[in-house]
Student: 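Below is one structure. I have some questions about it.
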Amino acid sequence: MRIANTGETLREILNGHDSKRVLVPTMGALHEGHLVLMRSARNVAGPRGMVIVSIFVNPIQFDRAADLEAYPKPLEEDLAACEKEGVDVVFAPQTDAMYFADRSVTVTESLLSAGLCGATRPGHFDGVCTVVLKLFLISGCNAAVFGEKDFQQLAIIRRMIRDLDVPVKIIECPTVREHDGLAMSSRNVRLTSAQRADAPRIQRSLLAAAQCNDIPQILEIARAGIEASPLTCIDYLLLVDAETLQPATTLKRQAVLAVAVFYGDVRLIDHVII
Ligand code: PAF
């Protein structure tokens, strides 16, 4: 496995490899969910293709400095996990290798980013679109793999690809969960043991709500389940149309019940399709 810390080195390593390149963009602190993305990348790339994993905690997508500061960065363990998965190249740049101090161009998606995480994390999706497009351009990948857990991120990246004619195929992988239903996230390690024991209520509450067929009731059941714990603080809880991400007004179209919940200063997201 090769490791590149700059775009130039990555291009040198990839130069001459005409086989398929599949990128798995990550912010590190890799867990089983990321390993599933890597395996899917290998399936798409084939044995002769290149699987590239980027590990970059992208500062411009963090709306809270404390969250960026506290984000886990276990690079050695991450590299070992990539090696074990048979990744060909890890791209792990420092911030100054990705951004000029006077950078002045940002990619903005202005419709799907307006609600959900975009409403409570200003600038977050501009940061995501900008870094993802840069990673696509630096790696010259043909395909990239993303987790379905960040469904808004996925919808926005698909829209960016469509609107900017980016020649990258997006591959989506289902959410990977802990044995008790908690969606895997790099932020889970920051939960206290009491918060960790409580957190499966998020998925339980969403699933219970999804049994109903009345919009106000769905929202009420999900909220009651999550707020039954004194440890939770809901950032948002919304039922949105799966395509437009606007608040759902009917259950005749596919909808997504999505939530962001704070446990202390750790913010977790999850959703169910209805
Ligand atoms: O989902 C993530 O981990 C990040 O948002 C991504 C896509 C790697 C961009 O920094």
Side-chain angles (χ1 to χ4, degrees), residues 26-39 55 57 61-78 80-82 84-85 116-117 119-121 124 146-154 172-212 216-240 255-274:
T26 82
M27 297 207 299
L30 304 176
H31 49 67
E32 183 62 29
H34 292 112
L35 305 187
V36 167
L37 303 184
M38 292 178 205
R39 286 167 206 156
I55 299 179
V57 183
Q61 72 184 73
F62 283 80
D63 54 309
R64 294 178 298 132
D67 190 27
L68 172 59
E69 192 59 35
Y71 203 86
K73 300 167 189 85
L75 186 60
E76 289 310 312
E77 285 102 310
D78 286 350
C82 291
K84 203 164 160 221
E85 282 303 318
L116 301 158
C117 292
T120 59
R121 302 186 68 189
H124 170 66
F146 292 87
E148 185 259 331
K149 173 174 163 263
D150 298 293
F151 82 97
Q152 187 181 16
Q153 167 171 284
L154 200 50
E172 183 174 328
C173 282
T175 304
V176 180
R177 295 183 180 276
E178 301 286 356
H179 64 281
D180 55 10
L182 177 64
M184 285 197 185
S185 160
S186 303
R187 290 187 167 87
N188 291 354
V189 296
R190 294 185 48 220
L191 297 170
T192 64
S193 51
Q195 291 168 338
R196 173 63 191 82
D198 192 69
R201 77 169 52 251
I202 301 174
Q203 195 216 17
R204 267 202 318 271
S205 307
L206 296 182
L207 289 175
Q211 303 302 314
C212 299
Q217 228 184 334
I218 289 173
L219 291 166
E220 201 183 307
I221 290 174
R223 181 169 292 278
I226 294 167
E227 287 185 339
S229 161
L231 302 177
T232 58
C233 176
I234 293 180
D235 184 27
Y236 68 73
L237 171 70
L238 289 164
L239 185 70
V240 296
V256 182
L257 179 61
V259 72
V261 179
F262 278 104
Y263 275 92
D265 66 348
V266 182
R267 186 176 176 280
L268 304 179
I269 57 169
D270 204 350
H271 70 275
V272 293
I273 310 278
I274 298 201

Student: What are the two closest non-hydrogen atoms of Thr232 and Ser229, and how far apart are they?
Tutor: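 In terms of heavy atoms, the two residues are closest at OG1-O, 3.0 Å.
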
Student: Are Leu116 and Phe151 close enough that some pair of their side-chain heavy atoms sits under 4.5 Å apart?
Tutor: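 Touching, per the 4.5 Å side-chain cut-off.
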
Student: Please find the pair of heavy atoms, one from Arg121 and one from Asp63, that lie closest to each other, and give the distance.
Tutor: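 It is NE-OD1, 2.8 Å.
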
Student: Is there a side-chain contact (heavy atoms from CB on, under 4.5 Å) between Leu237 and Leu206? Walk through the geometry before answering.
Tutor: CA-CA 10 Å; Leu237 171 70; Leu206 296 182; 4.3 Å; yes

Student: Do other residues, nucleotides or ligands put more than 12 heavy atoms under 6.0 Å from the CD atom of Glu32?
Tutor: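 More than 12 within 6.0 Å, yes.
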
Student: Could you go through Arg196 and Leu182, starting from their C-alpha distance and side-chain angles, then the distance that decides it, and tell me whether this counts as side-chain contact (heavy atoms from CB on, under 4.5 Å)?
Tutor: CA-CA 9 Å; Arg196 173 63 191 82; Leu182 177 64; 3.7 Å; yes

Student: I need the His34 NE2 to Ile55 CD1 distance, nearest 0.5 Å.
Tutor: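 One gets 9.0 Å once the value is rounded to the nearest 0.5 Å.
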
Student: So do the side chains of Arg177 and Asp270 get within less than 4.5 Å of each other, counting heavy atoms only?
Tutor: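 Arg177 reaches Asp270 side chain to side chain.
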
Student: Verify, without hydrogens or angle tests, whether His124 (side chain) and Gln61 (backbone) share a donor-acceptor contact under 3.5 angstrom.
Tutor: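 It does hold such a pair.
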
Student: Take Leu268 and Val259 through the side-chain contact (heavy atoms from CB on, under 4.5 Å) test and state the conclusion after the steps.
Tutor: CA-CA 8 Å; Leu268 304 179; Val259 72; over 6 Å; no

Student: Could you go through Leu30 and Met38, starting from their C-alpha distance and side-chain angles, then the distance that decides it, and tell me whether this counts as side-chain contact (heavy atoms from CB on, under 4.5 Å)?
Tutor: CA-CA 11 Å; Leu30 304 176; Met38 292 178 205; 3.7 Å; yes

Student: Is any side-chain heavy atom of Leu219 closer than 4.5 Å to a side-chain heavy atom of Leu257?
Tutor: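 In short, these two side chains touch, coming nearer than 4.5 Å.
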
Student: Any Lys/Arg nitrogen of Arg267 or Asp235 sitting under 4.0 Å from an Asp/Glu carboxylate oxygen of the other?
Tutor: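 Salt bridge present between Arg267 and Asp235.
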
Student: Looking only at non-hydrogen atoms, find the nearest pair between Leu231 and Ala194 and report the distance.
Tutor: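 Shortest heavy-atom contact: CD1-O, 3.7 Å.
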
Student: Grab the two heavy atoms, one from Ser205 and one from Ile226, that are nearest each other, plus how far apart they are.
Tutor: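 The pair with the smallest heavy-atom distance is OG-N, 3.5 Å.
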
Student: Would you compute the distance between atom NE2 of His271 and atom CG of Leu239 and round it to the nearest 0.5 angstrom?
Tutor: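 That separation rounds to 12.0 Å.
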
Student: Checking Arg64 now: which residues fulfil side chain to side chain donor-acceptor pair (under 3.5 Å) with it, not counting sequence neighbours?
Tutor: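 If we apply the side chain to side chain donor-acceptor pair (under 3.5 Å) test to Arg64, skipping adjacent residues, there are no hits.
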
Student: Would you say Asp67 and Asp265 make side-chain contact, with heavy atoms under 4.5 Å?
Tutor: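 SC-SC contact between Asp67 and Asp265 ruled out.
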
Student: Ignoring hydrogens and angles, tell me if any N or O in the side chain of Thr175 forms a donor-acceptor pair with the backbone of Ala183 under 3.5 Å.
Tutor: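 Side chain of Thr175 to backbone of Ala183, a donor-acceptor pair under 3.5 Å: no, none is there.
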
Student: Do any N or O atoms from the side chain of Glu172 and from the backbone of Leu154 form a donor-acceptor pair under 3.5 angstrom?
Tutor: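 Not confirmed, Glu172 side chain does not pair with Leu154 backbone.
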
Student: Might you point out which heavy atoms bring Tyr71 and Ser186 nearest each other, and give the distance in Å?
Tutor: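 What the structure gives for the nearest pair is OH-CB, 3.3 Å.
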
Student: Is any side-chain heavy atom of Thr26 less than 4.5 Å from a side-chain heavy atom of Asp78?
Tutor: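 Sidechains of Asp78 and Thr26: no contact.
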
Student: Quick one: pull up SG in Cys212 and CD in Gln217 and give me the separation to the nearest 0.5 Å.
Tutor: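 One finds 4.5 Å between SG of Cys212 and CD of Gln217.
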
Student: If you take all heavy atoms of Tyr263 and Arg201, which pair is closest and at what distance?
Tutor: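 That closest heavy-atom pairing would be OH-CG, 3.8 Å.
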
Student: Measure the shortest side-chain to side-chain distance between Asn188 and Ser185 over non-hydrogen atoms and say whether it is less than 4.5 angstrom.
Tutor: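 A side-chain contact exists here, since the closest heavy-atom pair is under 4.5 Å.
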
Student: Is it the case that atom NZ in Lys84 sees more than 12 heavy atoms from other parts of the structure closer than 6.0 Å?
Tutor: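 No, because the 6.0 Å sphere around NZ of Lys84 holds 12 heavy atoms or fewer from other groups.
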
Student: According to salt bridge (Lys or Arg N to Asp or Glu O under 4.0 Å), who are the partners of Glu77, at least two apart in sequence or on a separate chain?
Tutor: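 Glu77: no salt bridge (Lys or Arg N to Asp or Glu O under 4.0 Å) contacts found.
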
